[in-house]
Participant: 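Dumping the structure here so I can ask a few things about it.
Quantities reported herein were computed from a predicted structural model and do not represent experimental measurements.
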Amino acid sequence: MNTNRSMTQGMTLLSLAICSTVALAAGEERNVAGRSSMIIDLPVSTQGPLWPPSEVTNKDGDFILVGNLLKEVQPGMFGMVPNQAVLVSKETVPPLDENGVEDPDDWFGAPHQVIRPLDLSKGSADLDMVLYATSFGPVEGSGGSPQIPKVGDSPYNLNKDLQVCPDVFPTDTQKVNYFRPSYPLHQVPVVGFQGDGVAYDPNTGDAYDPMTASNDPSCAATGCSGEDPMDARRTDPITLGEWLEADGKMRIKLTKRNAKRQYTHARFDFELRDMLPNSVYTVWVVRARQIPVPGVWKRRDIDPIAVPNLLVTDAKGRASASYEVANPFPDKATDATGQRIVGLSVVYHSDHQSWGACFSRFGPAVDAHVVFNTLNSEAAVPGTLPDMTNFTTVAP
């Protein structure tokens with residue numbers, strides 16, 4: 001199969017996206033107060049970017065995809081099919097360049113390899129699947145992107161995100177030496193956590209005995225094996241069924257006007273329910289410029305909706321937050337630099353940590369996992385990107 005496809009062709013294929021009726025993942029938009037306010041029922045998802053295919057796996061490392069499936073929609077042509085629920089093979093062949101190497105700038109040149117559909121009906125065994133984070137390493141993986149899954153766990157590097165937080169990771173030593181296995185989401189390492197009896201080498205990611213316990217007088221002065229259980233965290237596995245119970249609503253309200261009575265800002269209000277309790281989430285916006293289009297603009301990193309962009313759930317899995325953003329919706333016709341917000345996602349952090357304006361330390365599916373994604377229920381108008389609203393704002 002020839003997997004070489006240009007981004008220009010891939011963008012055209014977005015218009016071929018097929019809308020299905022998976023109600024759980026479908027978003028709903030309603031106008032609330034004329035044309036200046038709207039509410040979006042946030043679509044539940046397991047997917048951020050198209051690669052890796054999703055941001056959670058099963059115990060075997062295959063991707064549990066609730067979101068956009070890349071599928072052959074015409075002979076030799078691939079497009080996004082929204083609102084899908086499938087198990088995607090970790091042996092999927094991603095888009096490759098003319099030398100057979102993974103191409104991080106080609107997102108639409110190959111389909112996801114589906115193992116089987118997922119049954120999301122009540123009582124299904126699929127809802128009991130335990131969710132895992134993917135493995136990782138090395139940082140400089142095949143094709144140039146960090147290797148996700150790690151070398152040996154998949155024939156290919158299925159990640160197309162660049163290093164997501166180079167201010168923090170990696171150091172020169174970590175670039176070639178750092179690896180991380182797959183963990184169940186509820187056991188992803190938390191920096192500084194004392195209570196699981198293990199620590200991790202910062203240069204390699206290898207686990208080792210911290211030797212800081214004081215439970216035995218014979219070794220308390222120098223440190224006994226393990227560590228004192230000072231911290232506590234969830235011990236029950238996180239299942240697909242629990243993940244899909246998440247309920248989120250977002251209200252977008254245009255605010256502030258200039259002398260010409262044009263809107264210059266918008267406020268984004270979030271109400272989240274039935275989330276994972278006592279957990280850390282962040283909100284990220286997708287701008288047109290985040291999709292690489294050769295000859296038009298270079299891909300840029302994803303942006304936080306604001307700084308900080310944090311939501312922390314209570315013991316019942318509830319959280320709320322409001323963020324005001326300047327000029328979030330430049331006119332599509334004149335947005336030459338791709339600044340317009342076209343989508344938005346809410347991300348769960350299995351490491352219980354936020355990273356400032358970086359969405360994670362390692363990359364998608366390793367320590368950051370999308371739970372809501374507005375792009376997963378939208379089909380594009382021909383020749384355009386998906387867009388969650390028709391609102392227009394101008395610079396203040």
Participant: Just to verify, which of Leu375, Leu70, Leu69 counts as forming a side chain to side chain contact (heavy atoms under 4.5 Å, CB included) with Leu50?
Facilitator: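 Among Leu375, Leu70, Leu69, the one that satisfies the side chain to side chain contact (heavy atoms under 4.5 Å, CB included) with Leu50 is Leu70.
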Participant: Can the ring centres of Phe329 and Tyr263 be said to be less than 6.0 Å apart?
Facilitator: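 Ring centres of Tyr263 and Phe329 not closer than 6.0 Å.
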Participant: Quick one: do the Asn258 and Gln262 side chains pair a donor with an acceptor below 3.5 Å?
Facilitator: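 Gln262 and Asn258 do have a side-chain donor-acceptor pair below 3.5 Å.
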Participant: Check whether Ile148 and Trp284 end up in the same hydrophobic cluster, where Ile, Leu, Val, Met, Phe, Trp and Tyr are linked by side-chain heavy atoms less than 4.5 Å apart.
Facilitator: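 Different hydrophobic clusters.
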Participant: Would you mind checking if Asp351 and Arg361 are paired as a salt bridge, meaning a charged N to carboxylate O distance below 4.0 Å?
Facilitator: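 Answer for the salt bridge query: no.
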Participant: Quick check: is Val188 connected to Val346 through a chain of hydrophobic side chains (ILVMFWY, heavy atoms under 4.5 Å apart)?
Facilitator: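 No, Val346 does not connect to Val188 through the hydrophobic network.
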Participant: Is there a donor in the side chain of Asp228 and an acceptor in the side chain of Ser214, or the other way round, less than 3.5 Å apart?
Facilitator: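 Side-chain D/A pair, Asp228 to Ser214: present.
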Participant: For Ile64, is there any backbone N or O sitting under 3.5 Å from a side-chain donor or acceptor partner on Thr46?
Facilitator: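 Checked: pair present.
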Participant: Any side-chain donor-acceptor pair under 3.5 Å between His349 and Ser354?
Facilitator: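 No.
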Participant: Side chains of Glu102 and Ser145: any donor to acceptor distance under 3.5 Å?
Facilitator: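 No - no donor-acceptor pair under 3.5 Å links their side chains.
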Participant: Any ion pair linking Lys249 and Asp41 (charged N to carboxylate O, less than 4.0 Å)?
Facilitator: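 Judged by the 4.0 Å cut-off on N to carboxylate O distance, Asp41 and Lys249 do form a salt bridge.
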Participant: Treating Trp107 as the side-chain partner and Trp51 as the backbone partner, does any N or O pair qualify as donor plus acceptor under 3.5 Å?
Facilitator: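 Checked: no pair found.
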Participant: Is it the case that the side chains of Asp128 and Thr239 hold a donor-acceptor pair, with the cut-off being a distance below 3.5 Å and no angle test?
Facilitator: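 Distance-only check fails for Thr239 and Asp128.
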Participant: Does a side-chain N-to-carboxylate-O contact under 4.0 Å join Asp231 and Arg233?
Facilitator: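 No.
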